[in-house]
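Throughout, protein chains are lettered first and strands after them, A, B, ... in sequence-line order, and every chain is numbered starting at 1.
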Amino acid sequence: MKRIKIKELLASPEIESDVLVKGWVRTKRGNKNIAFIALNDGSTINNIQVVADTAKFDENLLKDITTGSCLSVSGKLIESQGQGQNIEIHAESIELYGKSDAETYPLQKKGHSMEFLREIAHLRPRTNTFGAVFRIRHAIAFAIHKYFNDKGFFYLHTPIITGSNAEGAGELFHVTTMDLANIPHNKDGSVDFNNDFFGKPANLTVSGQLEGELGALALSDIYTFGPTFRAENSNTPRHLAEFWMVEPEMAFYDNNDNMDLAEDFVKYLIRYALENCKDDLDFLNSIIDKGLLERLNFVLGNEFIRMTYTDAIKILIDSGKKWEYPISWGKDLQAEHERYLVEEHFKKPVILTDYPKDIKAFYMKQNDDGKTVRAMDVLFPGIGEIIGGSQREENYDALLSRIKELNLPEKDLWWYLETRKFGTAPHSGFGLGFERMIIFITGIPNIRDVIPFPRTPKNAEF
RNA sequence: UCCUCAGUAGCUCAGUUGGUUAGAGCGGCGGACUGUUAAUCCGUAGGUCGUAGGUUCGACCCCUACCUGGGGAGCCA
């Protein structure tokens, strides 16, 4: 007999048919005559109830069926006599694949704190909450590829190891094969990289954007979707040292096209989750965050506010609020300012545009006013900046002078500059923090709980 | 990195102004129960009180440092 996944079984049950299911025991209840086993194989948040007449099975086998143990069960699918489930399996035979010592297995029937589960990240996917989160995470990853593929975008693989930190986005993880106990130095005291693997300093990427632009200036529309690394000592529920980023880059898009795409994209992902992850979202809505579904539907049903940085500053000043960080034109918005705009003033997602050039990256398209750049940040409730993007500076001279102004390593960026020399084109792009999107869609408050194995300062276990 | 709160049984927590033998619920184990739903009922084992110093006749409790975790902030996605 062929094994059937529990999701499939529950979706189209054939009463009185013989079935074979395999999975892990969530709970066992019962008395000396009958045992009820809740079995879960991860295909869905729902369990199948296995009913076993104790007379039919070896006493020791039944004793070894404990929370966490793994079983193969064959039997007849019948309508349940009890409340709480429609169907159940009347077991004919049970094979115990793996015991789970009840005394030491850390997961119990009762709920656990997220902090405790994080310490047992190797087992937490077996809980309802993490099963739901990781299934949703998968669904959204798939939806990202589907969205872009359907729009004619190409998935471009940008390098994980790079030889420059041109973007200047945060601290780097260095990549080397040098003996750390015996690092060669030049006469001036600096590290001698000549005999290192790449013959020069290398690091894990902080963003695939610059390489993504190279792709867009040949294939028109591309996206990257991969891990990025920041060695910042950030200890917050919104930061990881290793996180996944989605970065589309589009030729012939101006910043308005860019915003249109960003809003449509984010809404597509939310809609995809609502349509394809209903059981998991219902569970999270009841257990983690009672306002989750309402919030997802609200974001879907409303247009994002679009306004310039300059207008936003006016609103913040006119609000008369006392800010911990006083606000004025030219200063970057702090968390309290973003929160005010999104959660109090507009009460919906906000896209801010045209930031002062001095608080944004060198590659952003400069406006004619000489003061601002065509940046756009999408701000979400509870998360802050979920997307950051811009129209890119396509003018060679303007880009080069900005690089010089900021003392960036011009020679490391020769390849980037050449695209502006040979057939340059207006283009735009943005980056979406994948885990932050998952936070929003699942209602899970801590980013460490929306990735299977979080990497944070002082934590690289598993 | 800064501010702040916390660390006591496998888990979640209580523990009086510093005073004999550190408690509960859940989980585990043993038993009862003819269909359970986080089953129920009876019984039972389980502790280097985060680590290292210090104060004291005496420290889970007071002091110092460090470690780990939560919340907030910064950096950012």
Side-chain angles (χ1 to χ4, degrees), chain A residues 26-38 46-55 63 66-68 78-85 88 90 100-120 123 127-128 167-171 206-209 227-247 287 323-325 332-339 359-361 377-380 383-389 430-440 445-451 456-459 461:
Chain A
R26 285 293 169 78
T27 65
K28 188 179 75 170
R29 297 175 290 271
N31 53 48
K32 68 179 174 191
N33 299 310
I34 192 165
F36 300 97
I37 302 159
N46 301 115
N47 304 325
I48 185 80
Q49 173 157 285
V50 173
V51 185
D53 291 327
T54 53
K63 208 170 229 180
T66 56
T67 303
I78 56 171
E79 281 182 43
S80 180
Q81 298 170 34
Q83 304 292 310
Q85 62 281 316
E88 62 193 19
H90 198 112
S100 175
D101 178 38
E103 214 167 327
T104 51
Y105 186 61
L107 291 173
Q108 55 188 49
K109 301 172 193 179
K110 270 226 170 183
H112 292 290
S113 70
M114 297 298 263
E115 291 79 22
F116 173 67
L117 291 171
R118 212 173 288 148
E119 292 171 11
I120 51 167
L123 297 173
T127 63
N128 284 333
E167 223 213 325
E171 292 292 314
V206 295
S207 160
Q209 182 203 311
T228 48
F229 308 86
R230 310 252 169 116
E232 298 288 343
N233 192 8
S234 296
N235 295 286
T236 86
R238 294 178 307 283
H239 292 86
L240 291 167
E242 175 183 298
F243 64 100
W244 288 64
M245 193 147 61
V246 185
E247 296 176 289
I287 297 292
W323 305 107
E324 192 185 339
Y325 294 85
D332 208 353
L333 298 186
Q334 302 297 317
E336 56 174 338
H337 308 126
E338 295 181 351
R339 193 166 300 141
I359 58 173
K360 288 293 179 184
D377 285 0
V378 181
L379 309 180
F380 258 41
I383 293 172
E385 187 183 337
I386 194 166
I387 283 178
F430 62 82
L432 168 80
F434 182 58
E435 282 77 16
R436 289 190 179 175
M437 192 69 210
I438 305 300
I439 285 177
F440 186 76
N446 195 313
I447 200 165
R448 295 168 179 129
D449 301 321
V450 298
I451 187 169
T456 51
K458 299 276 154 54
N459 183 10
E461 194 66 50

With rounding to the closest Å, how many angstrom separate the [atom1] atoms on [N] and [M]?
{"N": "B:G18", "M": "B:C63", "atom1": "P", "answer": "10 Å"}
{"N": "B:U8", "M": "B:G50", "atom1": "C1'", "answer": "10 Å"}
{"N": "B:C62", "M": "B:A24", "atom1": "C1'", "answer": "27 Å"}
{"N": "B:U16", "M": "B:U20", "atom1": "P", "answer": "11 Å"}
{"N": "B:G46", "M": "B:G23", "atom1": "C1'", "answer": "13 Å"}
{"N": "B:C5", "M": "B:C60", "atom1": "P", "answer": "23 Å"}
{"N": "B:A38", "M": "B:U12", "atom1": "C1'", "answer": "14 Å"}
{"N": "B:C67", "M": "B:G74", "atom1": "P", "answer": "24 Å"}

Does the structure show a Watson-Crick or G-U wobble partner for [N], both distances under 3.5 Å? Name it, or say none.
{"N": "B:G18", "answer": "none"}
{"N": "B:G53", "answer": "B:C63"}
{"N": "B:G30", "answer": "B:C42"}
{"N": "B:U68", "answer": "B:A6"}
{"N": "B:U1", "answer": "B:A73"}

Which nucleotide in the set [options] lies at the smallest distance from any side-chain heavy atom of [X]?
{"X": "A:Pro237", "options": "B:G74, B:G71, B:U36", "answer": "B:G71"}
{"X": "A:Ile34", "options": "B:A73, B:G71, B:G35", "answer": "B:G35"}
{"X": "A:Arg118", "options": "B:G74, B:U34, B:G69", "answer": "B:G69"}

Inset, instruction - Using the closest heavy atom to pick a nucleotide of RNA chain B for each, name whichever of A:Glu324 or A:Gly82 lands nearer the 5' end. - result: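 Whichever sits nearer the 5' end wins; that is A:Gly82.
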Legend entry - Position toward the 5' end of RNA chain B (nearest nucleotide), A:Pro445 or A:Gln334: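 Going by which nucleotide is closer to the 5' end, it is A:Pro445.
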With a non-hydrogen cut-off below 4.0 angstrom, is [X] in contact with a base, only sugar-phosphate, or nothing?
{"X": "A:Lys458", "value": "sugar-phosphate"}
{"X": "A:Ala335", "value": "sugar-phosphate"}
{"X": "A:Leu240", "value": "base"}
{"X": "A:Thr67", "value": "nothing"}
{"X": "A:Phe434", "value": "nothing"}
{"X": "A:Arg26", "value": "nothing"}
{"X": "A:Ile383", "value": "nothing"}
{"X": "A:Gln83", "value": "base"}

Spacing between [X] atom [atom1] and [N] atom [atom2], to the nearest angstrom:
{"X": "A:Phe36", "N": "B:C33", "atom1": "CZ", "atom2": "C1'", "value": "12 Å"}
{"X": "A:Lys360", "N": "B:C75", "atom1": "NZ", "atom2": "C1'", "value": "13 Å"}
{"X": "A:Phe229", "N": "B:C76", "atom1": "CZ", "atom2": "C1'", "value": "16 Å"}
{"X": "A:Leu379", "N": "B:C76", "atom1": "CG", "atom2": "P", "value": "14 Å"}
{"X": "A:Glu336", "N": "B:C75", "atom1": "CD", "atom2": "P", "value": "11 Å"}
{"X": "A:Lys32", "N": "B:C42", "atom1": "NZ", "atom2": "C1'", "value": "15 Å"}
{"X": "A:Arg448", "N": "B:U68", "atom1": "CZ", "atom2": "P", "value": "12 Å"}
{"X": "A:Asn33", "N": "B:G31", "atom1": "CG", "atom2": "C1'", "value": "15 Å"}

Tell me whether [X] contacts the main-chain N or O of [Y] through its side chain, where contact means a donor paired with an acceptor under 3.5 Å.
{"X": "A:Glu232", "Y": "A:Glu171", "result": "yes"}
{"X": "A:Thr54", "Y": "A:Lys32", "result": "yes"}
{"X": "A:Arg118", "Y": "A:Asp449", "result": "no"}
{"X": "A:Ser100", "Y": "A:Thr66", "result": "no"}
{"X": "A:Asp53", "Y": "A:Ala55", "result": "no"}

Inset, instruction - Summarise protein proximity over nucleotides 9-15 of chain B in one line of letters, 5' to 3': B for base, S for sugar-phosphate only, - for none, counting protein heavy atoms closer than 4.0 Å. - result: -BSS---
Inset, instruction - Would you please name every residue forming a side-chain contact (heavy atoms from CB on, under 4.5 Å) with A:Ala335, sequence neighbours left out? - result: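 side-chain contact (heavy atoms from CB on, under 4.5 Å) list for A:Ala335, sorted by chain: A:Arg339.
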Base [N] to side chain [X], donor-acceptor N/O within 3.5 Å cut-off:
{"X": "A:Glu88", "N": "B:U37", "value": "no"}
{"X": "A:Ser234", "N": "B:C76", "value": "no"}
{"X": "A:Glu232", "N": "B:U1", "value": "no"}
{"X": "A:Gln49", "N": "B:U36", "value": "yes"}
{"X": "A:Asn235", "N": "B:U1", "value": "yes"}

Report yes if at least one side-chain N or O of [X] is closer than 4.0 Å to OP1 or OP2 of [N]; otherwise report no.
{"X": "A:Arg29", "N": "B:A39", "value": "yes"}
{"X": "A:Arg339", "N": "B:A73", "value": "yes"}
{"X": "A:Asn31", "N": "B:C33", "value": "no"}

Legend entry - Donor-acceptor pair between A:His337 and A:Asp332 side chains, under 3.5 angstrom: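 A:Asp332 and A:His337 do not have a side-chain donor-acceptor pair below 3.5 Å.
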Legend entry - Donor + acceptor pair across side chains of A:Thr27, A:Arg29 (<3.5 Å):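 Yes, a side-chain donor-acceptor pair sits under 3.5 Å.
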Inset, instruction - Report the distance from atom CD of A:Gln49 to atom CD1 of A:Ile78, rounding to the nearest 0.5 Å. - result: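 With rounding to 0.5 Å, CD (A:Gln49) is 9.5 Å from CD1 (A:Ile78).
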Legend entry - A:Glu79 atom CD, over 12 foreign heavy atoms within 6.0 Å: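 Not buried by this count: 12 neighbours or fewer within 6.0 Å.
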Inset, instruction - Before giving the answer on side chain to side chain contact (heavy atoms under 4.5 Å, CB included), spell out for A:Ile447 and A:His239 the whole-Å C-alpha distance, their side-chain angles and the decisive distance to 0.1 Å. - result: CA-CA 7 Å; A:Ile447 200 165; A:His239 292 86; 5.7 Å; no
